[in-house]
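These notes concern the structure reproduced below.
Sequence positions, counted from 1, serve as the residue numbers for this chain.
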Amino acid sequence: MGKQAVRQAARRAASQVQARYRRERVERDRRLERLAVEVLTALGERDAMIAATEQRAGAALQAMIIDEHLTVSEAAPWCAGAISHREAARLRQLAGPAENRPVNHSTLTADARRHDREGEFH
């Protein structure tokens, strides 16, 4: 075999190897794209589920406060200490806008008394 034939054979072999690596990379990229879509879909479903359950929790908490005339401080122990005042406020906000909620005068009065008591100690 002449020098030129050896070079051509080496180029073909190198070209074939590079083509195989390109195909493998393309196939891997396709697999990764499919998996990434699966991950993002699952995360989106999870986020939607969390949002729905937190909204339900907020609505139930709101019912405790509005319908049952509890303050947030009184409602929290009923939730087995699973929520703080901050978490209660966040959940209540998820339940819906305040202007659509009925005013609970008992809660407002109890909250005002609590603020007055806290003010005495500060």
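Taken from CG in Leu91 to CZ in Arg56, the straight-line distance is 12.0 Å, to the nearest 0.5 Å. In this structure, Lys3 NZ and Arg7 CZ are separated by 5.5 Å, a value rounded to the nearest 0.5 Å. One finds the CG atom of Asp47 at 11.0 Å from the CE atom of Met49 (value rounded to the nearest 0.5 Å). The CH2 atom of Trp78 sits 9.5 Å away from the CD atom of Glu68 when rounded to the nearest 0.5 Å. Note that the CD1 atom of Ile50 and the CD atom of Glu45 stand 12.0 Å from one another [nearest 0.5 Å].
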Going through the distances and angles, do Glu24 and Arg20 end up as a salt bridge (charged side-chain N to carboxylate O under 4.0 Å, His left out)? CA-CA 6 Å; Glu24 289 172 358; Arg20 183 173 45 106; 3.8 Å; yes
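Nearest heavy atoms, Ser73 versus Pro77: O-CD, 3.0 Å. Annotation for Ala95 and Ala59: closest pair CB-N, 3.6 Å, computed over non-hydrogen atoms. When all heavy atoms of Ile83 and Ala76 are compared, the closest pair comes out as O-CB, 4.1 Å.
Between the Ser15 side chain and the Arg11 main chain, no donor and acceptor come within less than 3.5 Å of each other. With hydrogens and angles ignored, the 3.5 Å screen pairs a side-chain donor or acceptor of Glu74 with a backbone N or O of Thr71.
Proximity of Met64 to Leu61: side-chain heavy atoms (C-beta onward) are separated by under 4.5 Å at one or more points. Between Glu27 and Arg31, the closest side-chain pair of non-hydrogen atoms falls below 4.5 Å. Annotation: side chain of Glu54 is in contact with side chain of Arg90 (closest heavy-atom distance under 4.5 Å).
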